[in-house]
Amino acid sequence: MTLLLDQAASVVDRWRRRREDADTAVTRCEADELLRVDLTVNGRPATVHVAPRVTLADALRDHLGLTGTHLGCEHGVCGLCTVMVDGDAARSCLILACQVDGSEVVTVEGMGTPTDLHPLQESFGAHHALQCGFCTPGQIMSAYDLLSSEPGIEAAELPDRLSGVLCRCTGYRNIVDAVADVADRYPQGVPGPRNCGHAEPRLPRATLGGAGTPATLEAAEAASGPAEIAVPSGEPTAVVTVDTHAEAPIDAIWEIIEDTEALATCLPGAEIIADFGDDQYKGRMRVSLGPVRLAFLGDVKILERDDATHRVKVIGQAADASSGDVAAVVDLTAESRRDGGTDLRAVAELHMVGRIAQFGRGLVNDVSTDMFHQFAANIDAASRGEAPVEAAPASALSIVFTLIRSRIKALVRRITGRN
Amino acid sequence: MKAAPFSYVRPTSPEGVLAELSLAEGEAKIIAGGQSLMPVLAMRLGRPPTLVDISRVPAWQSIDVGTHEVRIGAAVRQRAVERHRDLRVPLLSRALPWIGHREIRSRGTVCGSLAHADPASELPAVMVTLGARLGITGPGGDRELPADEFFRGAMTTALEPGEVLRHVTVPRARRGQGFGFAEMARRHGDFALVGITTMVQTEGDRVVRALLGAFGVADRPRLLDVTETVAEPLRAAEEDGASAAVAEALADAARDLVTTGGDKHASAGYRRRLVRVLGGRELVAAFRDSRKGESR
């Protein structure tokens, strides 16, 4: 019998070998080289260029900006980095990125969006199944794998079957309850991911990545045409209100504000690269803050412009290749001052998704405020026919400087009890 | 926790794998599922200059089910074996869910576990108990070794430099055979303090053969033929309390099987006790399992 089996196997082997001859391509990458890896992430094609030792977890987080996948132990114990690979949950810290060429990966970002959560995400919220939230992405992906591969699983089995992901808040009871609730509601199997393969990416652009990221963005053409722009729904990540004033009279200021291209040159790091007419533009913006370097490519549209009240409302939405999406609705009003100058007030609602949202809300406020002061100063200068005070992309240093200055001032105020 | 740099090569044929291994002159490490290797790399406990990925060798990706044997290729993942509906290798099917967690078995391979040869791991003990044969390929050609000759010590196997485990051939259960499996660990997914594998073969109510295997108790999986010791107590196994009587009879076997000293997780005495208690229980379970066909 063994002989027969052996014979059968050798026939199969020979047949396979023949087939392989046509395709004996050996994939090879030296330790200090980058290997191109094409895969599908959340239903969209993605490409990364990685050194052999880079894990799938790091490729997702650092190359594709999908930081929903968390890293805990980085050696396969805690389960926080669990993602779906070709339909099965696996630990992305124990998989080399170069091993998943051609694979389909689903991360927690693919499960749902803030406005359209997956039932598991919904249930985790409803059952208070997250305390610090650090293990949640792993829990959700592991639970999704369990409920989709073994629908109708008994609630009593859940604790054991969910034990592949650790929760250091030890909030296991609520996690099990949340999963049991979903298992109960979907005895035929839990619904699939909700944010996979959307034509309009609501998340970082997964096709960018690797060593060439900034260059790729740099080369991005305006040819992509005007994007659909909509006022984001949901609570803004931050609302920033800034008051400042310019020395120039309101008419001169308004002239600059009306001229979008002139206005853009006043915004540190910004540049208009295409005018689609109808008050819609494509633009680039670079922000650098200490070690942080963000490069946004996005769309801007003037929603309202009122000459009588000197008010303009602008919406912009942009994505940074690796850090996330940001959308802003800015309401800018100019008012004449008694001394002949102009008061400027901006109210900006900022919506952020991805790594940039982790930036720290206080810092976002500070940075936005500083940028607006600089913006206002530039408008003032432009109205006098002068060049912007600060050359555009070099704004970083000055922003950092003033930031530190204002922080120190605030600190001194707190210490001395003055207000 | 980032691995030290290494180069990576992914051949698509067995010949290609051997060629890459010979190029690297014994310095290369094979990666398939990587579930044991990746933590080692991450902790920089190992710094192989080259990884040879065998997971895309089509000749090694299949489970071939024959009449009496099942052959599992080197690139077959544990979860694929777990999902296979007509393996008829009950001991393997019982043991698989105990390997790490589901997320680990999604990627980990059966042959990878065997080649890694962790003394506390399930599959080597299963293969030794079943008398599986390990197919090896190397520069000198192909060879085959019975499982009990393959495991040479903690994480040490009979594989020579340049050789690869290409498949394992596992006998399927025959009529009159019954199996038992048990494991004690602090938590599910932890390394076993003690694991037990049993096989009992009966003809009518006569015990023809009884095997007691144990892992986590020595530097490699251990197996004892306990037919003479437990044949009598097992015949009484239809009654309650039989497993206690079997466990009683296993005192010498437990002393023989457990050669590891105690550690902070469990003393040698506790491990011997586990071998007796779990061994007794699983021998009775295997005995009953072996007679299921009779009563039907």
Side-chain angles (χ1 to χ4, degrees), chain A residues 1-2 4-6 8-9 12-13 16-17 19-21 23-33 35 51-55 58 71 73-77 79 82 84-91 93-96 98-99 101-102 138 141-142 145-146 149-150 159-165, chain B residues 1-16 19-20 31 33-43 49-51 53 55-59 61-62 64-71 77 79-80 83 97 100-108 133 135 167 169 187-189:
Chain A
M1 184 54 229
T2 315
L4 256 177
L5 194 75
D6 270 336
V12 172
D13 266 0
R16 281 205 181 108
R17 233 169 279 148
R19 263 193 13 180
E20 279 162 37
D21 282 345
D23 177 27
T24 43
V26 175
T27 307
R28 189 186 302 275
C29 184
E30 293 304 319
D32 55 355
E33 288 175 356
L35 183 67
R53 66 167 168 161
V54 172
T55 63
D58 284 338
L71 275 167
C73 71
E74 293 191 288
H75 64 289
V77 174
T82 303
M84 299 293 286
V85 181
D86 293 328
D88 287 330
R91 291 176 176 168
C93 75
L94 291 188
I95 302 175
L96 295 172
C98 51
Q99 288 190 292
D101 191 36
M141 299 317 287
S142 175
D145 175 55
L146 180 64
S149 63
E150 295 174 50
D160 192 46
R161 308 303 289 283
L162 292 170
S163 62
V165 184
Chain B
M1 288 286 180
K2 309 286 182 201
F6 49 78
S7 59
Y8 172 84
V9 55
R10 188 172 64 218
T12 49
S13 69
E15 297 75 22
E20 294 304 332
I31 184 167
Q35 302 300 286
S36 297
L37 180 60
M38 287 291 286
V40 170
L41 299 183
M43 293 189 271
T50 303
L51 288 193
D53 186 352
S55 64
R56 306 260 179 125
V57 177
Q61 284 175 331
S62 57
D64 301 306
V65 181
T67 314
H68 298 298
E69 293 178 322
V70 172
R71 173 182 292 177
R77 304 197 191 281
R79 212 163 163 194
R83 281 197 183 118
H101 297 95
R102 202 169 57 253
E103 295 87 342
I104 296 288
R105 302 192 296 275
S106 296
R107 302 295 297 182
R133 300 188 317 279
H167 60 233
T169 308
R187 287 167 298 263
H188 184 117

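Proteins get letters first, then strands, A, B, ... in listed order; numbering begins at 1 in each.
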Quiz prompt | Partner residues of B:R56 under the side chain to side chain donor-acceptor pair (under 3.5 Å) criterion, sequence neighbours left out | solution = none
Quiz item: Which one of A:D58, A:L35, A:D86, A:V165 has the most heavy-atom pairs closer than 4.5 Å to chain B?
Solution: A:D58
Exercise. Report the distance from atom CG of A:L96 to atom CG of A:D101, rounding to the nearest 0.5 Å.
Key: 12.5 Å
Self-check item: Top of A:V77, A:D32, A:L71, A:L146 for chain B proximity - count of heavy-atom pairs under 4.5 angstrom
Solution: A:L146
Self-check item: Contacting moiety of B:L41, where chain A heavy atoms sit under 4.5 Å
Solution: neither
Quiz item: Taking only residues two or more places apart in sequence, or in another chain, which ones meet B:S106 in a side chain to side chain donor-acceptor pair (under 3.5 Å)?
Solution: B:R79
Exercise. Begin with the C-alpha distance, continue with both residues' side-chain angles, and end with the deciding distance and a verdict on side-chain contact (heavy atoms from CB on, under 4.5 Å) for A:T55 and B:M38.
Key: CA-CA 9 Å; A:T55 63; B:M38 287 291 286; 3.9 Å; yes
Quiz item: Between B:P97, B:P5, B:P39, which has the largest tally of heavy atom pairs under 4.5 Å with chain A?
Solution: B:P5
Exercise. Would you indicate whether the side-chain heavy atoms of A:R91 and B:H101 approach each other to under 4.5 Å?
Key: yes
Quiz prompt | Contacting moiety of B:R77, where chain A heavy atoms sit under 4.5 Å | solution = neither
Exercise. Using non-hydrogen atoms and a 4.5 Å limit, figure out which bit of A:Q99 sits close to chain B: side chain, backbone, both or neither.
Key: both
Quiz item: By a 4.5 Å heavy-atom criterion (distance strictly below it), what part of B:L51 contacts chain A: side chain, backbone, both, or neither?
Solution: side chain
Self-check item: Pair A:S142, B:R102: side-chain N/O donor-acceptor within cut-off below 3.5 Å
Solution: yes
Quiz prompt | Distance in Å, B:R107 CZ paired with B:Q35 CD, rounded so as to fall on 0.5 Å steps | solution = 7.0 Å
Quiz item: Which atoms of A:A90 come close to chain B, meaning under 4.5 Å heavy atom to heavy atom: side chain ones, backbone ones, both, or neither?
Solution: both
Exercise. Heavy-atom distances under 4.5 Å only: say whether A:T82 touches chain B with side chain, backbone, both or neither.
Key: side chain
Practice problem: Find the one option among B:S55, B:A42, B:A3, B:G16 whose heavy-atom pairs under 4.5 Å with chain A are most numerous. | Solution: B:A3
